[in-house]
Every structure is written in C-alpha cells, then in structure tokens.
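Just so we're clear, the structure is a prediction, and the values are computed from it rather than from any experiment. If you read the sequence from its start, that first residue is 1, and numbering goes on from there.
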Amino acid sequence: MQQSLSYNQQTWKRLKKNKSALFGLFIICIAVLLAMFGYLVAPDNSPNADLQNVEIQAKKPGYTQQFLKVPDFKNSSYENWFTILLSGKKNNYRLIPVSGYAVKNDSLFINKFIDEDTSVVQYFSVNQLTNKHPENFTTQNIIVKKYWLGTDKFGRDILSRLIIGTRVSLAVGLIAVLISLTLGIILGSIAGYFKAWIDEVVMWLVNVTWSIPTLLLVFAITLAMGKGFWQIFIAVGLTMWVSVARLVRGQVMAIKELEFVQAAKALGYTNFRIIAKHILPNILGPILVIAASNFATAIIVEAGLSFLGIGVQPPQPSWGLMIKENYNFIITHNPLLALIPGFAIMLLVLAFNLLGNGLRDAVDVRTSPS
C-alpha cells in the first residue's frame, strides 16, 4: 500500500526532480552563507572590506604583493567574534607595499613600492615594529598577500568586497520582498474577498502605481527619503507590491466561491479568520513563486540604483557600486574589475529565477506526484 504524502511533501518531491531549481537553490544557499559569515572567510575582514592601498590599484586577478605590516599598539583593542561577524575587524595596523627590504642592526630599510618601475627607500625601528620582540620580525611584519580577483582603483581586494557585497544584495531582496508581500497580500486579499468599492479603490491604486515606470518611482521615493542603506529597502519594496496584490486578488476571488469557504461562512467564522486560515494557506504556492521573482528583481534594481549613485553609499560594498567604480576599466587593460561583480549579479538573479520556475512547477497540483 503506497503511503499518501502531504501537499508539502509532494511539492518538495517534485522540486527535487528539477535539477535547474536545485542548482538555483544551491547558489542561493552559498550566497546566504557568505552573507552571514562573510567577514570570517573574506581575505580582507576590515569593516566594509575597505583596506586601501592605492599603490596597487587596478591589479589583475592573481596579483601577489609583499607588504610591511606596521602595527598600531596604542589603538589596538579586543573584539569578540560576534562583533567581527557583524561588522568586521577594525584595523590596528597599516600595510606598506614593498619590493624589497634589508635589516641592519636594529633598523629596517625597505623599498616602498610605488609602481612597477618606482620605489622609495624608507626605514623603521625593528623594536618599534615588533613591540620590542625583534626575534619575531620576519614572520609577523613581512607578509605576502595574493589578490585572487585583483584590486579596484583604490587598491582594495575585489574578492573581499564581492563577498561582503553579497550581504547587501540579499538584505535588499529580503526586506523588499517582505514589504511587497505584506502590502500585496493585505490589499489583494481584502480587494478580492470584499469586492465592491474596496476592490475599486485597491485596483485604482494598483493601476496608478503600475503606470509609473518602476525605476522612476524608485528614484522619486529614494530622493524623498534620502540616499542610504535602509532607504533603498523601502524604496524597492514599495514599488513591487502591485504584482503581488493582483495575483492574490485573483486567487482569493476564485477560492472564495469554493464550498469549504462557504461552509466556513455558514459556521459563523469571521472574515479575518476565513481569509487568514482558509484562503491564504491555499494560495501559498503562487505567492512563493512571485516572491522568488521579486527577489531577483530587487537585486537588479538595487544594483542599478547603486550604479547611478543613489543606492548604497561608499565605502559600503555593493555589486552595483563596484561596477560603477570600475566600469572605466572595461575599455582599458583590466575589464574583469567590472565584469566580476556583473557576473555575480547575473548568477544570483539566475538562481532566483530558476528556483522560481521550479517552484511554479512544483506547486502545480496538476503535476503527477509520482
């Protein structure tokens, strides 16, 4: 005797058969882990991955550079792992790129790297660099860093900023989707359930909002609230609720005529209970599909706004902002500086679209559960 599966189990079983949807889910899980633990895995774990060395600006992927690490013992402080996880580790040192060094007595002479053909001689006290532990000099103060994806025009590590920028893209997508779902579900459900003048008012608001180009509406909201990290959440979320509202309205209008809803009315259940406990759970599938689509749209809109300078502000890393800062290199010697964050945007948006398509097929009750 074959065991019957619940609706959720059938949905997950169908989703597992969709290889492209699983690939999208895998990419999203990797992005979520990077967003949560980015500062623990990024090569540059300073706040916003903003450790600048202008002498090594715009270097190609795989570039390796030797540095003299000059510690600041006076301003050093302890930071617990949770603080580092949230906002990074404050630098208690500065890095000086060097092309060579020599130790004479208690002095260190370095050739400070300026560019490929230029260096400047400087000297430091070994005791000062090692806090009076000169035996630790070589291992502690001369380090070699490899920039796997190169450096930007400020000499910052592209890989580190790409990892930390994942947090911005996912945060904007998540908050925008929550705002759009909240507004869309509330307005769409009351419009579809009560109809009459409520439906006319909500649909008029939907049509007016939809008649305004999305990017133009985001510009207006952003300029009204000001530039910033939190403002971009609200601006994107307030422009994406209309598609949710129309979907929910149509689904509610269809389901409210079914027998189980009429039975709930006959039993004297309140309208709120009928909507919340009997109608909305039955349209969860289409809502999840449009949520995944809106997530991808929010990532693209945020990147576009940051590229135009009215989204996330420097030095906070954003993939759109990274393209803006490095797009001039596309026609020069190092196009990867702008292409790498563009590829990251494309990959994450593709992942959400693949997952959305997979969810659409998985929640279709007409699909065979076998």
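Within a 6.0 Å radius of CZ in Arg167, other residues, nucleotides and ligands contribute more than 12 heavy atoms. Within a 6.0 Å radius of CD1 in Ile331, no more than 12 heavy atoms belonging to other residues, nucleotides or ligands are found.
Formation of a donor-acceptor pair under 3.5 Å by the Ser293 side chain with backbone atoms of Ile290 is not found in this model. Of the possible polar contacts, none joining the Gln122 side chain to the Val120 backbone as a donor-acceptor pair under 3.5 Å is found. Remark: the backbone N or O of Tyr93 is not paired with any side-chain donor or acceptor of Asn91 at under 3.5 angstrom. Not one N or O on the side chain of Ser107 forms a donor-acceptor pair closer than 3.5 Å with the backbone of Val103.
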For residues 234-241, dump all side-chain donor-acceptor pairs below 3.5 Å to protein atoms at least two apart in sequence or in another chain.
{"unit_1": "Thr239", "atom_1": "OG1", "unit_2": "Val236", "atom_2": "O", "d": "2.7"}
{"unit_1": "Trp241", "atom_1": "NE1", "unit_2": "Leu238", "atom_2": "O", "d": "3.2"}

For residues 183-190, which side-chain donor-acceptor pairs fall under 3.5 Å, sequence neighbours excluded?
{"unit_1": "Ser189", "atom_1": "OG", "unit_2": "Ile185", "atom_2": "O", "d": "2.6"}
{"unit_1": "Ser189", "atom_1": "OG", "unit_2": "Ile186", "atom_2": "O", "d": "3.0"}

Name each donor-acceptor pair under 3.5 Å that joins a side chain in residues 257-265 to protein atoms two or more places apart or in another chain, with its distance.
{"unit_1": "Gln262", "atom_1": "NE2", "unit_2": "Lys256", "atom_2": "O", "d": "2.9"}

N/O donor to acceptor pairs below 3.5 angstrom from side-chain atoms of residues 57-64, sequence neighbours left out:
{"unit_1": "Lys59", "atom_1": "NZ", "unit_2": "Glu116", "atom_2": "OE2", "d": "3.1"}
{"unit_1": "Tyr63", "atom_1": "OH", "unit_2": "Gln65", "atom_2": "OE1", "d": "2.5"}

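Between Pro341 and Leu162, the shortest heavy-atom distance links the atoms CA-CD1, 3.8 Å. Closest approach of Leu359 and Val289 over heavy atoms only: C-CG2, 3.7 Å. Heavy-atom minimum distance, Gly173 versus Ala298: CA-CB, 3.8 Å. In terms of heavy-atom proximity, Gly150 sits nearest to Asp157 at O-OD1, 3.7 Å. Counting all heavy atoms, side chain and backbone alike, Gly311 lies closest to Ile232 at CA-CD1, 4.0 Å. In this structure, Tyr39 and Asn48 approach most closely via the heavy-atom pair OH-N, 2.9 Å.
Residues Pro47 and Ser87 fail the side-chain proximity criterion, which asks for heavy atoms closer than 4.5 Å. Here the side chains of Leu68 and Leu95 are not in contact, with every heavy-atom distance at 4.5 Å or above. Contact annotation: the side chain of Tyr193 never approaches that of Asp199 to less than 4.5 Å [non-hydrogen atoms, C-beta and beyond]. Residues Ile345 and Ile323 have side chains in contact (heavy-atom distance under 4.5 Å, counting atoms from C-beta outward). Within the 4.5 Å cutoff, the side chain of Tyr101 has no heavy atoms near those of the Asn111 side chain. In this structure, Phe233 and Glu302 have side chains that are not in contact, with every pair of non-hydrogen atoms separated by 4.5 Å or more. In this structure, the side chains of Phe295 and Leu170 come closer than 4.5 Å at one or more pairs of heavy atoms. Side-chain contact between Val248 and Ile287 is present, with at least one heavy-atom pair separated by less than 4.5 Å.
Criterion: ILVMFWY side-chain heavy atoms under 4.5 Å apart, direct or through other members. Under it, Val121 and Leu108 are not part of a common hydrophobic cluster. Using a 4.5 Å cut-off between side-chain heavy atoms of Ile, Leu, Val, Met, Phe, Trp and Tyr, with links allowed through other members, Ile310 and Leu321 fall into different hydrophobic clusters. Transitive grouping of hydrophobic side chains (ILVMFWY, heavy atoms separated by less than 4.5 Å) brings Ile330 and Trp319 into a common cluster. Transitive grouping of hydrophobic side chains (ILVMFWY, heavy atoms separated by less than 4.5 Å) keeps Val54 and Ile56 in distinct clusters. Transitive grouping of hydrophobic side chains (ILVMFWY, heavy atoms separated by less than 4.5 Å) keeps Phe272 and Ile279 in distinct clusters.
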Working for side-chain contact (heavy atoms from CB on, under 4.5 Å), residues Leu337 and Phe329: CA-CA 7 Å; Leu337 295 183; Phe329 294 105; 3.7 Å; yes
Derivation of the side-chain contact (heavy atoms from CB on, under 4.5 Å) call for Val208 and Leu205: CA-CA 5 Å; Val208 169; Leu205 185 60; 5.5 Å; no
CA sep, side-chain torsions, deciding dist, call: Arg161, Asp152, side-chain contact (heavy atoms from CB on, under 4.5 Å): CA-CA 10 Å; Arg161 290 183 65 79; Asp152 64 8; 3.9 Å; yes
Trace of the salt bridge (charged side-chain N to carboxylate O under 4.0 Å, His left out) decision for Lys112 with Glu55: CA-CA 9 Å; Lys112 181 181 178 181; Glu55 295 88 354; 3.7 Å; yes
Verdict with supporting geometry, Val206 and Val202, side-chain contact (heavy atoms from CB on, under 4.5 Å): CA-CA 6 Å; Val206 167; Val202 172; 4.3 Å; yes
Verdict with reasoning, Phe113 to Phe67, per ring-ring contact (aromatic ring centres under 6.0 Å, His included): CA-CA 9 Å; Phe113 178 86; Phe67 290 93; 9.1 Å; no
Test salt bridge (charged side-chain N to carboxylate O under 4.0 Å, His left out) applied to Asp50 and Arg156, step by step: CA-CA 6 Å; Asp50 194 40; Arg156 298 174 297 194; 2.7 Å; yes
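With rounding to the nearest 0.5 Å, the separation of CG in Asn271 from CD1 in Ile274 is 5.5 Å. Distance check: Ile28 CD1 to Phe23 CZ gives 10.5 Å after rounding to the nearest 0.5 Å. Remark: Ile30 CD1 to Leu25 CG distance equals 10.5 Å, nearest 0.5 Å. Note: Leu348 CG to Thr166 OG1 = 7.5 Å, rounded to the nearest 0.5 Å. Remark: Arg360 CZ to Asn18 CG distance equals 9.5 Å, nearest 0.5 Å. Considering NZ of Lys69 and NZ of Lys145, their distance stands at 9.5 Å, rounded to 0.5 Å.
Residues meeting the side chain to side chain donor-acceptor pair (under 3.5 Å) test with Asn326, sequence neighbours left out: none. The side chain to side chain donor-acceptor pair (under 3.5 Å) check on Thr118 picks up Asp115, with sequence neighbours excluded.
For the residue pair Asn294 / Thr297, no side-chain donor-acceptor distance below 3.5 Å is found, with atom types taken as modelled.
Taking the six-membered ring for Trp and the full ring otherwise, Phe124 and Phe109 have centroids separated by 6.0 Å or more.
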